[in-house]
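These notes are about the structure you will find just below.
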Amino acid sequence: MTTAEKNIRLTELSCEANNLRRQIGSLQAERARLAGRVNDLLIEGIQIAIDNAEDRFIAVTNQINALRA
């Protein structure tokens with residue numbers, strides 16, 4: 001992989017990581033807003049979405065770190 005390709009991939013991954021970070025924050029705010037107002041299954045579904053986004057964020061961050069090494 002050339003340096004230019006590596007930089008492009010790092011930029012793509014960084015954008016994805018930032019988008020995931022925003023998504024996680026939004027989901028956490030939504031979970032807090034709905035807590036106590038809706039069925040616990042809906043809150044559990046939001047938590048699962050948060051967990052999945054956090055896992056994806058970790059995977060993307062690991063890819064970024066591997067490319068920088």
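This chain uses plain numbering: 1 for the first residue, then up along the sequence.
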(request) Could I get the full list of side chain to side chain contact (heavy atoms under 4.5 Å, CB included) partners for Q23, not counting sequence neighbours? (result) L20, L27, A53
(request) Please list, chain by chain and in numerical order, all residues satisfying side chain to side chain donor-acceptor pair (under 3.5 Å) with N18, sequence neighbours excluded. (result) R21
(request) Determine whether more than 12 heavy atoms belonging to other residues, nucleotides or ligands lie under 6.0 Å from atom CG of D40. (result) no
(request) State which residues pass side chain to side chain donor-acceptor pair (under 3.5 Å) with N19; sequence neighbours excluded, sorted by chain then number. (result) R22
(request) For D51, enumerate each residue passing the side chain to side chain donor-acceptor pair (under 3.5 Å) test, keeping only those at least two apart in sequence or located in another chain. (result) Q47
(request) Using the salt bridge (charged side-chain N to carboxylate O under 4.0 Å, His left out) rule, collect all pairs that involve residues 2-11, keeping only residues at least two apart or in two chains. (result) R9-E12
(request) Taking side chain to side chain contact (heavy atoms under 4.5 Å, CB included) as the test, write out the residues that go with I64, two or more places apart. (result) L10, L13, S14, A17, V60, R68
(request) Could you pull out all residues at least two apart from T3 that satisfy side chain to side chain donor-acceptor pair (under 3.5 Å)? (result) none
(message) Membership question, hydrophobic clusters at under 4.5 Å side-chain separation (ILVMFWY): are F57 and L67 in the same one?
(response) yes
(request) Can you sort out the partners of E44 under side chain to side chain contact (heavy atoms under 4.5 Å, CB included), two or more places apart, ordered by chain and number? (result) L41, I48
(request) Mind jotting down which residue pairs meet the side-chain hydrogen bond (donor to acceptor under 3.5 Å, both in side chains) criterion with at least one end in residues 53-62? Sequence neighbours excluded, please. (result) E16-R56
(message) Can you pull out every salt bridge (charged side-chain N to carboxylate O under 4.0 Å, His left out) where at least one residue sits in residues 23-36? Sequence neighbours excluded, please.
(response) E30-R33
